[in-house]
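Notes for the one structure printed next.
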Amino acid sequence: MTQELFQMALNVTDPWFVSDLTFDEKAKRLDIYIDFKKGSTFRYIDPESKEEFAGLKAYDTKDKKWRHLNFFEHECYIYAKVPRVKLPNGKVKLISTPWEGLSNGFTLLFEALLMQLCQAMPVNRVAQITKTSDDKLWSMLGNYIDTARQEENFGKIDAIGLDETSRAKGHEYITLFVDLLQRRTIFITEGKDNLTVARFAYDFQNHNGSVEAVKDVSCDMSPAFIKGVTENLPNARITFDKFHILKIINEAVDKVRKEEVNTNKLLKGTRYIWLKNYNNLTKKQKEELESFTMSKMNIKTLRAYNIRQSFQEIYQAKTEDEFITYLNKWYYWATHSRLEPIIKAAKTVKRHWDGVVQWYKSKINNGILEGLNSVIQAAKSKARGYKTFKNYKIIVYLLTGKLDFSLVNPRFREI
């Protein structure tokens with residue numbers, strides 16, 4: 001009866017059956033032995049051609065072992081003599097069992113648990129909890145990511161966002177490509193040059209995507225990204241991300257403050273009151289800002305700050321004509337401000353005018369990317385970094401790719 005219960009719990013079906021159980025209380029371990037009925041026939045599916053061969057009898061067997069879900073606090077392992085079958089061409093191949101996972105030595109159900117744990121905590125922590133090796137976990141994650149991505153279909157994607165982020169200290173950059181509608185990462189590659197877009201286009205087409213169907217792209221003003229989009233996404237209209245534009249203006253405001261602090265010591269230590277949105281300031285910072293605005297002093301930094309605030313208000317325009325009118329007025333004000341960093345920032349906006357105005361039509365930005373990037377950076381911080389780009393890429397897809405792992409492992413729905 002005990003063996004029959006475990007057989008049902010493990011979903012072991014004909015011709016397989018649980019032949020024996022051994023329980024070691026001292027070692028906190030349960031071993032389950034599975035066998036098959038004599039005279040049974042099996043099927044073999046070629047992993048490359050997907051050709052199926054059925055009705056094959058066992059040629060011989062090979063002993064195999066898999067780690068399974070714990071039985072309460074006891075580690076659980078499954079053992080089986082797995083048949084090798086002889087194909088019509090004379091080759092002898094090992095069949096796949098119904099319970100084995102993608103990784104050598106794990107069951108599907110155990111892998112489903114590991115995948116869930118790795119989405120919630122650092123991989124090395126999962127390895128400690130489950131008493132498995134880091135390397136084996138990374139290999140399993142890589143297999144799941146690669147297999148799940150093979151099932152991806154980008155046929156309906158027509159708006160993407162791209163942005164670079166640092167993988168490690170220094171200049172090790174990766175570029176993320178995001179489906180703006182589904183709010184998920186669909187491609188990751190090393191670097192931040194124009195070739196990153198070429199590599200994306202190649203991968204996009206390999207997943208049923210059409211580069212001609214991509215109508216909108218949100219990115220920063222990087223010449224490399226502009227070149228890459230122009231060369232590889234022929235029908236895409238670029239929208240320059242307003243958060244990146246604001247970053248350029250913020251840098252200009254801060255340069256004005258740094259220059260002015262030499263003659264006005266009151267500005268020392270006030271950097272963030274000029275760069276943060278008013279609603280995000282602390283009570284003390286708001287009071288400090290108000291003391292400057294109420295002052296009759298001719299403060300250059302305050303003028304730069306007002307130009308910054310005015311730029312943000314442009315995005316409240318009710319019509320495209322109104323948006324363009326406000327942008328023109330802002331440009332005139334900024335270029336006549338006699339504040340060199342602000343003038344330089346305004347001219348940068350002018351050089352990219354069409355992409356700035358395009359926002360009113362597309363209404364897209366990289367806010368989604370910024371949110372996904374914060375998830376990635378938080379995971380990187382918990383794990384204290386990732387040694388290789390391969391591992392970094394795995395984590396990005398795992399946490400932000402919204403991949404359907406149930407297509408790879410049907411037991412994933414049971415965890």
Side-chain angles (χ1 to χ4, degrees), residues 6-7 9-13 15-24 27-36 42-48 58-85 92-148 150 387-388 390-391 394-395 397-398 403 405-415:
F6 272 93
Q7 195 164 298
L10 293 168
N11 199 28
V12 173
T13 56
W16 303 95
F17 66 94
V18 174
S19 61
D20 196 13
L21 300 166
T22 61
F23 181 70
D24 189 330
K28 292 186 178 294
R29 176 171 172 143
L30 172 67
D31 292 329
I32 302 172
Y33 294 85
I34 296 178
D35 205 346
F36 59 90
F42 303 90
R43 66 172 185 159
Y44 175 80
I45 301 175
D46 188 283
E48 293 181 4
Y59 177 80
D60 59 15
T61 60
K62 180 180 179 181
D63 291 332
K64 292 196 72 175
K65 167 187 167 185
W66 300 266
R67 173 78 184 277
H68 191 54
L69 291 179
N70 282 9
F71 181 66
F72 295 98
E73 74 272 24
H74 305 282
E75 288 185 16
C76 183
Y77 293 86
I78 293 176
Y79 295 83
K81 291 183 179 295
V82 181
R84 293 201 311 157
V85 294
V92 177
K93 296 289 185 179
L94 188 72
I95 70 161
S96 296
T97 63
W99 58 83
E100 67 184 67
L102 268 63
S103 306
N104 185 29
F106 291 157
T107 65
L108 283 169
L109 206 51
F110 188 57
E111 285 184 342
L113 173 66
L114 292 173
M115 291 292 293
Q116 295 279 16
L117 291 174
C118 288
Q119 287 177 313
M121 63 184 77
V123 174
N124 64 345
R125 180 65 181 141
V126 176
Q128 291 168 8
I129 292 172
T130 59
K131 297 179 182 178
T132 53
S133 74
D134 270 22
D135 290 342
K136 197 163 186 179
L137 280 178
W138 282 114
S139 176
M140 179 203 73
L141 289 169
N143 286 338
Y144 268 79
I145 297 296
D146 290 344
T147 308
Q150 288 174 13
K387 293 179 181 178
T388 65
K390 182 179 178 181
N391 287 0
I394 286 170
I395 289 299
Y397 279 129
L398 182 68
L403 294 168
F405 295 116
S406 66
L407 296 174
V408 183
N409 180 349
R411 307 303 293 273
F412 202 82
R413 300 186 186 95
E414 299 174 26
I415 297 295

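Since the structure is predicted, the reported quantities are computational estimates derived from the model, not experimental observations. The analysis underlying the following values was restricted to heavy atoms, covering all of them including side chains, and did not include hydrogens, waters or symmetry mates.
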For this session: Drop me the distance from W138's CH2 to N124's CG, to the nearest 0.5 angstrom.
Result: 8.5 Å
Problem set entry | R67 versus K131, closest heavy-atom pair with distance | NH1-O, 4.0 Å
Exercise. Listed by chain and number, what are the side chain to side chain donor-acceptor pair (under 3.5 Å) partners of D31, not counting sequence neighbours?
Worked result: R29
For this session: Would you give the length of the straight line joining atom CG of D46 to atom NZ of K93, rounded to the nearest 0.5 angstrom?
Result: 7.0 Å
For this session: Measure from the side-chain N and O atoms of S19 to the backbone N and O of Y33, and report whether any donor-acceptor pair falls under 3.5 Å.
Result: yes
For this session: Indicate whether any N or O donor in one side chain lies under 3.5 Å from an N or O acceptor in the other, for Q150 and T147.
Result: no
Seminar exercise, completed: Residues Y44 and I95: closest non-hydrogen pair is CD1-CA, 4.4 Å
Exercise. Can you find a pair of side-chain heavy atoms, one from L102 and one from E111, that are under 4.5 Å apart?
Worked result: yes
Exercise. Which heavy atom of A127 sits nearest a heavy atom of D134, and at what distance?
Worked result: CB-OD1, 3.1 Å
Exercise. Where do N409 and L108 come nearest, in terms of heavy atoms and distance?
Worked result: ND2-O, 2.7 Å
Exercise. Given L30 and F72, is the side-chain contact (heavy atoms from CB on, under 4.5 Å) satisfied, shown in steps?
Worked result: CA-CA 10 Å; L30 172 67; F72 295 98; over 6 Å; no
Problem set entry | Gap separating the CG atom of N70 from the CG atom of L113, nearest 0.5 angstrom | 8.5 Å
Exercise. On the ring face of F71, is K28 found with NZ or CZ under 6.0 Å from the centre and within 45° of the axis?
Worked result: no
Problem set entry | Within 6.0 angstrom of N104 CG, more than 12 heavy atoms from elsewhere | no
Exercise. Are V92 and V85 close enough that some pair of their side-chain heavy atoms sits under 4.5 Å apart?
Worked result: no
Exercise. Short question: side chain of E100, backbone of T97 - any donor-acceptor pair under 3.5 Å?
Worked result: yes
Exercise. Which heavy atom in W66 sits nearest to a heavy atom in Y79, and how many Å separate them?
Worked result: CZ3-C, 4.3 Å
For this session: Check the surroundings of atom CD in E73: do more than 12 heavy atoms from other residues, nucleotides or ligands lie under 6.0 Å from it?
Result: yes
Problem set entry | Shortest non-hydrogen separation from C76 to I32 and the atoms involved | SG-CD1, 3.7 Å
Problem set entry | Set of residues satisfying salt bridge (Lys or Arg N to Asp or Glu O under 4.0 Å) with respect to D63, sequence neighbours excluded | K81
Exercise. Can a cation-pi geometry be assigned to K65 and Y77, taking NZ or CZ under 6.0 Å from the six-membered ring centre and within 45° of the ring axis?
Worked result: yes
Problem set entry | Gap between atom OG of S406 and atom CZ of R411 - 0.5 Å precision | 13.0 Å
Exercise. Less than 4.5 Å apart, any side-chain heavy atom of N391 and any of L141?
Worked result: no
Exercise. Heavy-atom distance under 4.5 Å between the side chains of Y144 and M115, does that happen here?
Worked result: yes
For this session: List in chain and number order the residues that pass ring-ring contact (aromatic ring centres under 6.0 Å, His included) with F36, two or more places apart in sequence or in another chain; answer none if no residue qualifies.
Result: W16, F42
Problem set entry | Close side-chain approach of M121 to I129, heavy-atom, < 4.5 Å | yes
Exercise. Would you say H68 and L109 make side-chain contact, with heavy atoms under 4.5 Å?
Worked result: yes
Seminar exercise, completed: Distance col, row I395:CD1 vs C118:SG, nearest 0.5 angstrom, shows 7.0 Å
For this session: Output, in order, the C-alpha distance, side-chain angles, deciding distance and verdict of ring pair (Phe, Tyr, Trp, His ring centres under 6.0 Å) for H74 and F23.
Result: CA-CA 9 Å; H74 305 282; F23 181 70; 4.8 Å; yes
Exercise. Looking at OG1 of T130 and CZ of R125, how far apart are the two atoms once the value is rounded to the nearest 0.5 Å?
Worked result: 10.0 Å
